[in-house]
Amino acid sequence: MEARQQEARTAAEEVFAAERQLEASRRQVMHLLTLAGNARNHMAQGEESLASLEREAARLEAEMSQAKAELENLGAQSGEARLRYESAAETLKRLESEIAALREALQAHRTNEAAVRARTNQLSGETAKVTGRRDSLLSLIRNHSYSTDTVRRLLKPGALAQGMAPVGTLADFIEVSGEHEDVVDEFLREELNYVVVKSWVAAEQGVQLLKSGVDGRATFLIHSADQPALFEESNETISAPGATPLKDSIRVLNGFELSLESILPKIKYSYLVEDSGEALRLAGRYAHAFFLTPEGECFHNATVTGGKPSSEGPLALKRELREAENRLGKLEIELAQAETEAAALVAAIAEQAAQLEALSEQRRLAERDTANQGAALKQMEGETQRVERRLEEWTTQAARNKDAREAKSVNISQKREEMLRLEAEHRTAEAALDQLQAELALLRQTRESLQQEAAQVTAELAGLEERRRGAEVAFQRIDRLHADLERRVQTIAQQRTAADAEREQRVRESAELTQREQELASARAEALALAQTLAGQAQVLRLQLATMETQLKSGRAAVDELREQRASRSSEGSKLLSDLEHVEASCLAEVNAEAAALRADEQIARVAGEELVAEEESCRGLRQRIEQMGPVNMMALDEYKETVERHGFLGAQRTDLMESIENTQQTIKEIDLISRTKFDEAFARINENFAQVFSRLFQGGQAFLRLTDVENQDESGLEIVASPPGKKLQNVLLLSGGEKSLTALALLVAIFQFQPSPFCALDEVDAALDETNVGRLADLLHSLSRETQFLLVTHSKRMMQTADMIYGVTMQEPGVSKVISLRLGGREQHRATA
């Protein structure tokens, strides 16, 4: 079999060598034929070229003259365009500086306006609060809320007859210096509620009203100048160090022109002292006088009055009302000033916003003008360079044309001789080719017969190999089954050993249970005998018990009769004793006092009859209410302490949460500030790189990035504005497909330059580019390959020529693919197949 395969391979190699030799001969024949035709064509073309070169020389002279004139014209136009571009650039720079300054001023005004708004809101809140307090105080004073219900009813409109209505209370007619208001409020609390009327008749009518329809009492003060005898003044005073007459701190209003001490006699003997010790000393010396301390205590003879007042008095309310009105006036002035300032800032902001909008419009126009002028200047410069290159090319072409005409004459004669020689060689090569084709046919027949024999032998070998593999697989399966059976035998042996041990243990337990059953049977027999004995004894005892119960019943009947007699004779005494004991027990349980002590107390009123029944009914009602309240919670204090501790813990947790929230908000602000700074830096760098890369890829032009919303960078988008050479500035969406691709690649490279990446994969990014732009992109990527490794999927030959290594997939045989790599590195090339 090996010999047959070797013969087939040898025959195939001979056929391959013959085919290769035949192909080489055929190529030689075709090459000679092509060379002969080329020589013939070259000879004809040379003659035509000689004539065209002479015509071209004349044309080049005319073109050079025209290019020189055009070059001079472009130089003048380029100078004018440069001046216009520089002027537009200066205007744009000036507008940029003005816009920046205006934005700073606008931001400052907005900050001030926000502060003023906050201050206005604060003042509005304070004004509303003070106004509410003032209105509340006015309502309290107007409705005399500090007075008793009786006084308030008398002061209601229509309470008394027409012309008899009270004019207020005495508190409405008195003012006291600020530091003594609280003292006077407490000292004259009853006198300040005196109802002031205009006549004795009105006072009498008010007293009758209180007697007939309104519960309560009131004191009426007649406010009339017709009764001067009621207001006699007294000059008796106490001269003591540290004692100031109270009347010096009180001022009378609204017609009480006479001395207040005549209206209120105790004011005549009232004095203000510095402390309690001084008041105590003077009270012991002057028993008829009243001495008031700054804390509100009153010392009179052997009495002292003091403590915390239940509510504010009318004088304190009037003082608080005056303070609220003064505070309200100041707040209204500050609020008006803040609103005026806010309105001025709003107007200034609106004006500056209008100016900013106008300057922004001017800047956009200036940018457009600058871009147009720059594009026009670059276009002129490019046109100038193009004309200069054309002029140089035409000069070079003219020189070459002259040399070519001289060489053409020599070349025509050489091509004629070469043509004759190549035709002779072609005839010889065709004869040799026919002989090689006959030999190749014989070799192919031999190869096919040997290949058929080798294929048959190979098929037999493959069948034998398949049977061998099947036998090996079956043998391995039998080995695995044998190993499994051995493991199962070991497992069964272990289970059998465990079963024998368990059987022996069950036998021992069965013997123990049999012995235990015998013991329990003997104990049961003994228990039955004992039960029979106890049953006989119980029968005897039952008979004795019946006899004794009969005797007991007769004795109980006699005892019951005697008890009835004793009860009939002493029922009343027992009832009274029972009631007495119940009362004594109730006294100890309910009032925590002994009944004997209560009976001995003569101050306690005695009740009997219907009054006692009513009191008992009231007591039962109170007891029911107490029972309905439920038992006293003895754990209330502990629960309160736990609640206080829980409240403190929750308060601390809340404080920690509030601090955490504040710290988090501060961190967010810092992150936003850092992010905005990083974004501005990255945006400026990438924008600069983008402009440079764009100019490099397009060989001119300009492009830049800009924000769609400059004022709100967090939600702003990006807009790409580009101007390829010869075009105006416009959005990238308005460019062609190739220009869009090249612009996007310029932006990608700009980002890579700002933040290089070690690896980058690009998939057919050059599909929309022509050969020239593919070459520029390839040169750019090659310059960036020092920092970044680029992996490109491409079909462009120009891009492949720039690569350091290329990988390709080929299919030399049907259904079998190969990956081929080729390393490109100057002169040295290495080819490997993987």
Side-chain angles (χ1 to χ4, degrees), residues 70-71 74-75 77-89 92 363-390 683-708 717-754 762-784 790 792 794 796 798-799 802:
E70 187 177 355
L71 187 61
L74 286 174
Q77 293 179 2
S78 177
E80 295 176 359
R82 187 177 300 280
L83 293 176
R84 289 194 299 270
Y85 174 76
E86 292 176 354
S87 176
L92 179 60
R363 183 187 64 180
R364 286 192 289 271
L365 295 175
E367 287 178 349
R368 189 182 299 114
D369 189 18
T370 303
N372 293 335
Q373 296 298 333
L377 179 60
K378 290 184 178 179
Q379 184 176 3
M380 290 181 182
E381 291 177 351
E383 186 68 20
T384 301
Q385 294 175 359
R386 184 181 63 80
V387 172
E388 289 177 350
R389 287 195 300 270
R390 285 172 56 193
F683 181 79
R685 292 278 301 280
I686 292 174
N687 207 355
E688 182 180 356
N689 295 340
F690 178 48
Q692 295 176 358
V693 176
F694 183 89
S695 299
R696 179 176 177 180
L697 288 177
F698 281 89
Q699 295 295 312
Q702 57 178 338
F704 57 89
L705 302 172
R706 66 184 179 190
L707 299 174
T708 58
L718 284 177
E719 184 180 6
I720 302 175
V721 180
S723 172
K727 294 187 178 181
K728 63 180 181 179
L729 274 173
Q730 54 189 340
N731 193 289
V732 70
L733 299 177
L734 302 177
L735 300 178
S736 64
E739 291 172 341
K740 288 180 183 178
S741 299
L742 211 57
T743 304
L745 290 169
L747 179 58
L748 177 64
V749 171
I751 296 173
F752 267 64
Q753 288 178 346
F754 173 73
L762 302 174
D763 187 5
E764 295 188 9
V765 296
D766 56 352
L769 305 180
D770 55 14
E771 287 295 326
T772 303
N773 289 325
V774 170
R776 295 173 183 171
L777 176 61
D779 294 337
L780 177 62
L781 295 180
H782 185 71
S783 65
L784 296 174
F790 289 93
L792 291 93
T794 181
S796 175
R798 178 68 180 84
M799 184 65 73
T802 312

Over all atoms of both residues, closest heavy-atom pair of [X] and [Y]:
X	Y	result
Phe694	Ser723	CE2-O, 3.8 Å
Ser741	Leu769	CB-CD2, 4.2 Å
Pro725	Gly700	CG-C, 3.7 Å

Taking the side chain as C-beta and beyond, is there a heavy-atom pair between [X] and [Y] under 4.5 Å?
X	Y	value
Gln753	Leu784	yes
Asn731	Val721	no
Arg776	Leu780	no
Thr743	Phe690	yes
Leu762	Leu781	yes

When rounded to the nearest 0.5 angstrom, what is the spacing between [atom1] in [X] and [atom2] in [Y]?
X	Y	atom1	atom2	value
Lys740	Leu745	NZ	CG	14.0 Å
Met799	Thr794	CE	OG1	5.5 Å
Leu705	Leu718	CG	CG	6.0 Å
Leu729	Leu734	CG	CG	11.5 Å
Asn773	Ser796	CG	OG	11.0 Å

(request) Salt-bridge test for Asp770 and Arg798: reply yes if a basic N is under 4.0 Å from a carboxylate O, no otherwise. (result)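 Arg798 and Asp770: not salt-bridged.
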
(request) Using the side chain to side chain contact (heavy atoms under 4.5 Å, CB included) rule, pick out the option among Leu747, Leu733, Leu735 that qualifies with Ile720. (result)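 The residue from Leu747, Leu733, Leu735 that satisfies side chain to side chain contact (heavy atoms under 4.5 Å, CB included) with Ile720 turns out to be Leu747.
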
(message) Please identify which of these residues, Leu777, Asn689, Val693, meets the side chain to side chain contact (heavy atoms under 4.5 Å, CB included) condition with Val749.
(response) Val693

(message) Taking Phe683's backbone N and O only, do any of them form a donor-acceptor pair with Asn687's side chain (distance below 3.5 Å, no angle check)?
(response)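 Pair absent, no side-chain N/O of Asn687 close to backbone of Phe683.
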
